[in-house]
Amino acid sequence: MRLSELIKDMEYQVLCGSTEVCVNNIYDDSRKVQEGDLFFCITGAVSDGHKYAQDVASKGAAVIVVEKEVEVPEGVTVIKVPCTRYAMGIISSRFYGEPSKELTVIGITGTKGKTTTTYMIREMLQAAGIKTGLIGTIEILDGVNSIPAANTTPESIRLHKYLRDMVNNGMKAVVMEVSSQGLMLDRVAGVDFDYGIFTNLSKDHIGPNEHKSFEEYMMWKAKLFTLCKNGIFNIDDPYAETMMKGADCRMITYGMTSDATYKASNMDLYAKDGVLGISYTISGKVKGNVVVDLPGEFSLHNSLAAVAIAYEMGVDFDDIRNILTTVKVRGRVEMVPVSNQFTVMIDYAHNAMSLESLFTALRAYKPARLISLFGCGGNRSKDRRYEMGEISGRMADFTIITSDNPRNENPQDIINDIKIGMAKTSGEYLEIQDRKEAIKEAIMMGRPGDIIVLAGKGHEDYQEIEGVKHHMDERELISQILEEEDVTKICGYNNRYFA
């Protein structure tokens, strides 16, 4: 493809060479560059791609895109742009044939609920016959492959390639998590968003390597609604008005507020046979009763967002309601059937804020006991350990402290740090370093009406120890425990769940 076609209508300056040169491939990794390729010099937190300009030129790069001047041999075309990250998004989109224009693109931003809502929407659209790809914190689903995610929102050069693969694999839509970092770093530049969803906002991702302030964090979140055609906002969130203020799109709202486009009322939390869920009445653009087999008030808002998207895309409301009764999200308030007398749940809550939010939601079900099992990651802030220990000690009836991903730290040292936070409370606890043994203890102590939360691992199917990822899936551990133990000792055990 000719460079002139890739940079058409962009702001640029030709430092040397010709824009009529042909480009074979595009890269932001100098190690992959070959003769005839285009290389983006990206200034990152750790490395500056401009340092590799000479190297890629010696490999035969046809074009180098820069935001500051570099020295290269004659014969190489150098294009200077105001921002190489933004240019990378626009050029990548064009190089791959603008794939986002061939898909219905749904972007979700917010502090909490992005992952759950993303999967909920995908499951709903898939069940309705709309083949839908996914890009998010856990993985990329392109219609053929499941690719582990490195970032919540991939760099634009990879994002547009994923979108092209989705089109080639027959996808008609894609739902993606859009992080504040992804918006700030132009990772979604060149993406044609049909829908943007705002879930909620709270103080997070503020620090020297992320956002300078909550105001800056909020500003970047709001950017999505200058890029999409339709904005769908959680009107119950106190920051919804701020998100909507600068929006340049058609506005749709959801929530429990009276004037919401999709309004929920008569919310009811239910617990039956070890399953926790929520039901509500929806009114406004559609009318009827909705039942969701996922717990917590946040499931009301997540499902409302999914209802709004699906209905706006033409899915029949009866189909929407049927899908919501079966939808599940791996590692997000994921209930694992063990007993019809108590609930066992796997959740990714791995910091104090998410753990507190989860426990608050579960307390609304008035459990006989709330049993918490968690550990903390190694090579991370000790403050997180103190805080999680304190939250669990204060909010759970009993805590089992175990190992998470110790990485290069001694697991017992991490447990000892968690106990410092626990000591600030009167909460009872037990420490069992081996996670399988800890889970077994939690299951065997289950009693009628208990909710047992296995927190921290969520969707992860590994445990990282001294730089090595060992396979460990909590669902498999539970199955093994039930095979190895005398399951008749488990309160309310019902063999309809396991052969």
Exercise for the section: Report the C-alpha distance between D236 and T257 in whole Å, list the side-chain angles of each, state the deciding distance to 0.1 Å, and finish with yes or no for side-chain hydrogen bond (donor to acceptor under 3.5 Å, both in side chains). Expected result: CA-CA 6 Å; D236 293 341; T257 304; 2.7 Å; yes

Problem - Short side-chain donor-acceptor distance under 3.5 Å, S265 and T281 - result: no

Exercise for the section: Specify whether F225 and F233 have parallel, tilted or perpendicular ring planes, treating 30° as the upper limit for parallel and 60° as the lower limit for perpendicular. Expected result: tilted

Problem - Test: K457 cationic atom under 6.0 Å from Y462 six-membered ring centre, within 45° of axis - result: yes

Run the side-chain donor-acceptor check on residues 126-140: report pairs under 3.5 Å with partners two or more places apart or on a different chain.
{"residue": "Q126", "atom": "OE1", "partner": "T132", "partner atom": "N", "Å": "2.6"}
{"residue": "T132", "atom": "OG1", "partner": "I130", "partner atom": "O", "Å": "2.8"}
{"residue": "T137", "atom": "OG1", "partner": "T152", "partner atom": "OG1", "Å": "3.3"}
{"residue": "T137", "atom": "OG1", "partner": "E177", "partner atom": "OE1", "Å": "2.8"}
{"residue": "T137", "atom": "OG1", "partner": "E177", "partner atom": "OE2", "Å": "3.3"}
{"residue": "E139", "atom": "OE1", "partner": "S146", "partner atom": "OG", "Å": "2.5"}
{"residue": "E139", "atom": "OE2", "partner": "Y119", "partner atom": "OH", "Å": "2.6"}

Problem - Donor-acceptor side-chain pairing of H301 and N200 below 3.5 angstrom - result: no

Handout entry: Carboxylate-amine/guanidinium contact D318 R321, below 4.0 Å
Key = yes

Problem - 4.5 Å side-chain heavy-atom contact, V178 and L183 - result: yes

Problem - Rounded distance (nearest 0.5 Å) linking atom CG of L358 with atom CZ of F298 - result: 5.5 Å

Exercise for the section: Look only at the side chain of N234 and the backbone of T199, and say whether a donor-acceptor pair between them is shorter than 3.5 Å. Expected result: yes

Handout entry: Residues R407 and E466 bridged, charged N to O under 4.0 Å
Key = no

Practice task
Please name the pair of heavy atoms, one in G296 and one in A361, separated by the smallest distance, quoted to 0.1 Å.
Solution key: CA-CB, 4.0 Å

Problem - Polar side-chain atom of T343 near backbone of G274 as donor-acceptor pair, under 3.5 Å - result: yes

Practice task
Would you check if I414 and P406 make a side-chain contact, meaning some heavy-atom pair closer than 4.5 Å?
Solution key: yes

Practice task
Flag the pair S372 / F359 as yes when at least one side-chain heavy-atom distance between them is below 4.5 Å, and no otherwise.
Solution key: yes

Problem - Steps toward side-chain hydrogen bond (donor to acceptor under 3.5 Å, both in side chains) verdict (N405, E460) - result: CA-CA 10 Å; N405 292 319; E460 293 179 353; 3.2 Å; yes

Handout entry: Electrostatic pair E464-K469, nearest N-O below 4.0 angstrom
Key = no

Problem - Test salt bridge (Lys or Arg N to Asp or Glu O under 4.0 Å) applied to K223 - qualifying residues, sequence neighbours left out - result: D186

Exercise for the section: Would you check if M243 and K221 make a side-chain contact, meaning some heavy-atom pair closer than 4.5 Å? Expected result: yes

Problem - Flag for S92-S156: side-chain donor and acceptor within less than 3.5 Å - result: no

Completion exercise
Checking R332, R330, E474 against H459 for side-chain hydrogen bond (donor to acceptor under 3.5 Å, both in side chains), the one that qualifies is R332

Practice task
Mark yes or no for whether D347, through its side chain, and V333, through its backbone, hold a donor-acceptor pair below 3.5 Å.
Solution key: yes

Problem - Any donor-acceptor pair under 3.5 Å from T261 side chain to T253 backbone - result: yes

Handout entry: Salt-bridge present (K440, E437; N to O < 4.0 Å)
Key = yes

Problem - Non-hydrogen side-chain atoms of S354 and Y348 separated by less than 4.5 Å - result: no

Practice task
Run the ring-centre check on Y96 versus Y162 and record whether the distance is less than 6.0 Å.
Solution key: no

Practice task
Give the C-alpha distance, both sets of side-chain angles, the deciding distance and a yes or no for side-chain hydrogen bond (donor to acceptor under 3.5 Å, both in side chains) between E312 and Y262.
Solution key: CA-CA 11 Å; E312 294 292 325; Y262 294 86; 2.7 Å; yes

Handout entry: Test side chain to side chain donor-acceptor pair (under 3.5 Å) applied to R122 - qualifying residues, sequence neighbours left out
Key = none

Practice task
For D237 and L201, work out which heavy atoms get closest and say how close.
Solution key: OD1-N, 3.3 Å

Practice task
Would you check if I108 and M176 make a side-chain contact, meaning some heavy-atom pair closer than 4.5 Å?
Solution key: no

Problem - Under-4.0 Å salt bridge between D413 and K382 - result: no

Exercise for the section: Could you verify whether a donor N or O on one side chain and an acceptor N or O on the other, from T116 and N302, lie under 3.5 Å apart? Expected result: no

Practice task
Check the side chains of N151 and E155 for a donor-acceptor pair under 3.5 angstrom, ignoring hydrogens and angles.
Solution key: no

Problem - Donor-acceptor contact present, side-chain S303 to main-chain S299, <3.5 Å - result: yes

Handout entry: Electrostatic pair E484:K436 at N-O distance under 4.0 angstrom
Key = yes

Practice task
Could you tell me whether a side-chain N or O of N379 sits under 3.5 Å from a main-chain N or O of N408, the two making a donor and an acceptor?
Solution key: yes

Practice task
Side-chain contact test, heavy atoms from C-beta onward, threshold under 4.5 Å: evaluate it for E334 versus K328 and give yes or no.
Solution key: no

Exercise for the section: Given side-chain hydrogen bond (donor to acceptor under 3.5 Å, both in side chains), test H471 with Q463 step by step and report yes or no. Expected result: CA-CA 6 Å; H471 180 75; Q463 186 173 44; over 6 Å; no

Fill in the blank from the handout: On a heavy-atom basis, the closest approach of L304 and G255 is CD1-N, 3.7 Å

Problem - Short side-chain to backbone donor-acceptor contact, R435 and S403, under 3.5 Å - result: yes

